[in-house]
Amino acid sequence: MQTPFNTIGILGKPSDPGIANTLSVLYGYLKLHYTVIIATESAGYIGDKSVASCPAEQLGQRCDLVIAVGGDGTFLSAARVTADHDVPVIGINLGRLGFLVDISPSELPDKLHRMLQGQYVEEKRSLLHTKVIRGKQVIHEETAVNEVAIHRWVTPSMIEIVTKIDNVFLNSQRSDGLIVSTPTGSTAYSLSAGGPILHPTLNALVLVPLNPHTLSNRPIVIDDSAEIEISFCQTKQINALVTCDHIEIPDVLISDKILIKKYPKPVRILHPEGHDFFQILRTKLNWSGGYPTHQDVIKP
């Protein structure tokens, strides 16, 4: 069997017995042709005591390809553990929306088989790297595929945020927080907060305020080479919460600074041939209508 991959990792949605059947079908197909390693958290769903497993964070260094089984959240976890190792990710969709996961369980193994033979479309998506700085010390670092969000936390008051772009003052705002999103994340939290949809190929980031006090504070799109610095300007001590995708960094103080910039390595995503971003938008967002026919066109 000619294939560009030899060792394939599987990362399933953690603590979800509902993935067991799909995992078993996937593993049963793959083990006939490849070396397969299952993330430890998912290995128990495979009825094979001889299955090889490792912690999820080691899949990137041990595999040529990682398959994420779940929704977009599972895919984001797979992306973070593979980006540093230049290992591509394929998504199998067991979630509700699924902008990143392409293959449904009913399409196994046929569509996956074609992809594993090299019939796929590859995309490289940028990640964000976040540092929380207290004094002169970095107290936390994290990566994000979708977005970094700064929220007010356990307080009824708005937070007052100062934003600089490449050390140039952009604005100060009172709001519930701020989202810094990649093009990939523009269809996630950013979209629900009123941000624009960015095409995945754009070298851009979007900053979206969360419930700003001043309605003229609108989303802004910037080049993704910029470094974003976020600080707080209020005098009363309150805590803030920073999230990188679904990973929480609590207890951020108003004296802290948050630095966000593009991560040096992208995540590699493999899609089936014929992948169409606009078709995904029409389907996932329930946009009405298909391609207009001759009869649909209104003549002047």
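A quick note: this is a predicted structure, and the numbers were derived from the prediction, not measured.
- Linking ILVMFWY residues whenever their side-chain heavy atoms come closer than 4.5 Å, directly or via other members, leaves Ile258 and Tyr189 in distinct clusters.
- Put simply, the side chain of Glu142 reaches to within 4.5 Å of the side chain of Ile249, judged on heavy atoms.
- Not one N or O on the side chain of Asn93 forms a donor-acceptor pair closer than 3.5 Å with the backbone of Ile103.
- Inter-residue side-chain proximity for Pro200 and Arg125 is flagged as met; some heavy-atom pair is nearer than 4.5 Å.
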- request: Using the side chain to side chain contact (heavy atoms under 4.5 Å, CB included) rule, take Tyr27 and Ile38 through it: C-alpha gap first, then chi angles, then the decisive distance, then the call.
  value: CA-CA 9 Å; Tyr27 175 72; Ile38 312 289; 3.9 Å; yes
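- In this structure the side chain of His151 reaches within 4.5 angstrom of the side chain of Leu210, judged on heavy atoms.
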message: Determine whether Cys63 and Ile8 satisfy the following criterion, side chain to side chain contact (heavy atoms under 4.5 Å, CB included), listing intermediate values before the conclusion.
response: CA-CA 5 Å; Cys63 301; Ile8 297 179; over 6 Å; no
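- Atom CD of Glu141 has more than 12 heavy atoms from other residues, nucleotides or ligands within 6.0 Å.
- With 3.5 Å as the limit, one finds a donor-acceptor pair spanning the side chains of Gln279 and Arg282.
- Legend: residues meeting side chain to side chain contact (heavy atoms under 4.5 Å, CB included) with Thr35, ordered by chain and number and at least two apart, are Thr7.
- Put simply, the side chain of Leu59 reaches to within 4.5 Å of the side chain of Cys54, judged on heavy atoms.
- With salt bridges taken as basic N to acidic carboxylate O contacts below 4.0 Å, one links Arg80 and Asp245.
- Here the shortest heavy-atom pairing between Ala68 and Phe75 reads CB-CA, 3.9 Å.
- Take Tyr263 and apply the ring-ring contact (aromatic ring centres under 6.0 Å, His included) test, not counting sequence neighbours, and it matches His129.
- Hydrophobic clustering, with ILVMFWY side chains joined whenever heavy atoms are under 4.5 angstrom apart, groups Tyr45 together with Val51.
- Counting all heavy atoms, side chain and backbone alike, Leu11 lies closest to Ser42 at C-OG, 4.3 Å.
- Put simply, NZ on Lys262 and CG on Asp224 are 3.5 Å apart, with the number rounded to the nearest 0.5 Å.
- With Leu76 as the fixed residue, the side chain to side chain contact (heavy atoms under 4.5 Å, CB included) test singles out one of Ile247, Val89, Leu100: Leu100.
- Pro219 and Pro209 make their closest contact through N-CD, 3.9 Å (heavy atoms, listed as atom of the first residue, atom of the second, distance).
- Heavy-atom contacts from other residues, nucleotides or ligands closer than 6.0 Å to CG of Leu32 number more than 12.
- Counting all heavy atoms, side chain and backbone alike, Val208 lies closest to Ser190 at CG2-OG, 3.3 Å.
- By the side chain to side chain contact (heavy atoms under 4.5 Å, CB included) test, Leu281 is found to be paired with Phe99, Thr187, Ile197, Phe277, Phe278, Leu285, Trp287, residues two or more places apart in sequence or in another chain being considered.
- Here the CD1-CG distance, from Ile220 to Leu170, works out to 5.0 Å after rounding to the nearest 0.5 Å.
- Not counting sequence neighbours, the partners of Lys31 by the salt bridge (Lys or Arg N to Asp or Glu O under 4.0 Å) test are Asp48.
- Not a single donor-acceptor pair under 3.5 Å links the side chain of Ser175 to the backbone N or O of Pro212.
- The side chain to side chain donor-acceptor pair (under 3.5 Å) analysis of residues 206-219, with sequence neighbours excluded, yields the pairs Asp176-Asn211.
- Of the inter-residue distances, the one linking Ser77 atom OG with Asp72 atom CG reads 11.0 Å to the nearest 0.5 angstrom.
- In the hydrophobic clustering, where aliphatic and aromatic side chains (Ile, Leu, Val, Met, Phe, Trp, Tyr) are joined below 4.5 Å either directly or transitively, Val162 groups with Phe169.
- With hydrogens and angles disregarded, no donor-acceptor distance shorter than 3.5 Å links the side chain of Thr283 to the backbone of Ile280.
- To the nearest 0.5 Å, atoms OG1 (Thr74) and CG (Leu94) are separated by 8.0 Å.
- Judged as a salt bridge (Lys or Arg N to Asp or Glu O under 4.0 Å), and not counting sequence neighbours, the contacts of Glu229 are Lys257.
- The side-chain heavy atoms of Leu116 and Tyr34, taken from C-beta on, include a pair separated by under 4.5 Å.
- With Asp256 contributing its side chain and Leu253 its backbone, the two residues share a donor-acceptor pair below 3.5 Å.
- By the ring-ring contact (aromatic ring centres under 6.0 Å, His included) test, His140 pairs with no residue at all, sequence neighbours left out.
- Shown here for Cys244 and Thr130, the closest heavy-atom pair between the two residues is SG-OG1, 3.8 Å.
- Scanning all heavy atoms of the two residues, the minimum distance from Pro272 to Met115 falls at N-CE, 3.7 Å.
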- prompt: Between Ile228 and Ile222, is a side chain to side chain contact (heavy atoms under 4.5 Å, CB included) present by the stated rule, with each step listed?
  reply: CA-CA 10 Å; Ile228 302 163; Ile222 63 172; 3.8 Å; yes
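- Under the 4.5 Å side-chain heavy-atom criterion for grouping Ile, Leu, Val, Met, Phe, Trp and Tyr, Phe232 is connected to Val132 within one hydrophobic cluster.
- Residues Val180 and Val252 fall within the same hydrophobic cluster, defined by Ile, Leu, Val, Met, Phe, Trp and Tyr side chains chained together at heavy-atom separations under 4.5 Å.
- The salt bridge (Lys or Arg N to Asp or Glu O under 4.0 Å) search around Arg268 returns Asp86, Glu122, not counting sequence neighbours.
- Within the model, atoms CG of Leu65 and CG of Leu270 stand 6.0 Å from one another, a figure rounded to the nearest 0.5 Å.
- Residues His275 and Tyr120 bring no donor and acceptor atom of their side chains to less than 3.5 Å of each other.
- Proximity of His113 to Asp110: side-chain heavy atoms (C-beta onward) are nowhere separated by under 4.5 Å.
- Ile230 is connected to Val242 through a chain of hydrophobic side-chain contacts under 4.5 Å among Ile, Leu, Val, Met, Phe, Trp and Tyr, so both are in one cluster.
- Every residue meeting the salt bridge (Lys or Arg N to Asp or Glu O under 4.0 Å) condition with Lys111, not counting sequence neighbours, appears here in chain and number order: Glu107.
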query: Can you check side chain to side chain contact (heavy atoms under 4.5 Å, CB included) on Ile159 and Leu178, steps first, answer last?
result: CA-CA 10 Å; Ile159 52 178; Leu178 179 70; over 6 Å; no
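- No donor-acceptor pair closer than 3.5 Å links the side chain of His85 to the backbone N or O of Val87.
- The side chain to side chain contact (heavy atoms under 4.5 Å, CB included) search around Ser225 returns Asp223, not counting sequence neighbours.
- Using a 4.5 Å heavy-atom cutoff, the side chains of Leu198 and Val206 are in contact.
- The distance from atom CZ of Arg174 to atom CZ of Arg152, rounded to the nearest 0.5 Å, is 11.0 Å.
- Scanning for side chain to side chain contact (heavy atoms under 4.5 Å, CB included) contacts around Thr182 gives Ser126, Leu128, Thr184, Leu205, with sequence neighbours left out.
- By the 4.5 Å heavy-atom criterion applied to side chains, Ile67 and Leu30 are counted as neighbours.
- Here the side chain of Thr22 pairs no donor or acceptor atom with the backbone of Ile19 at under 3.5 angstrom.
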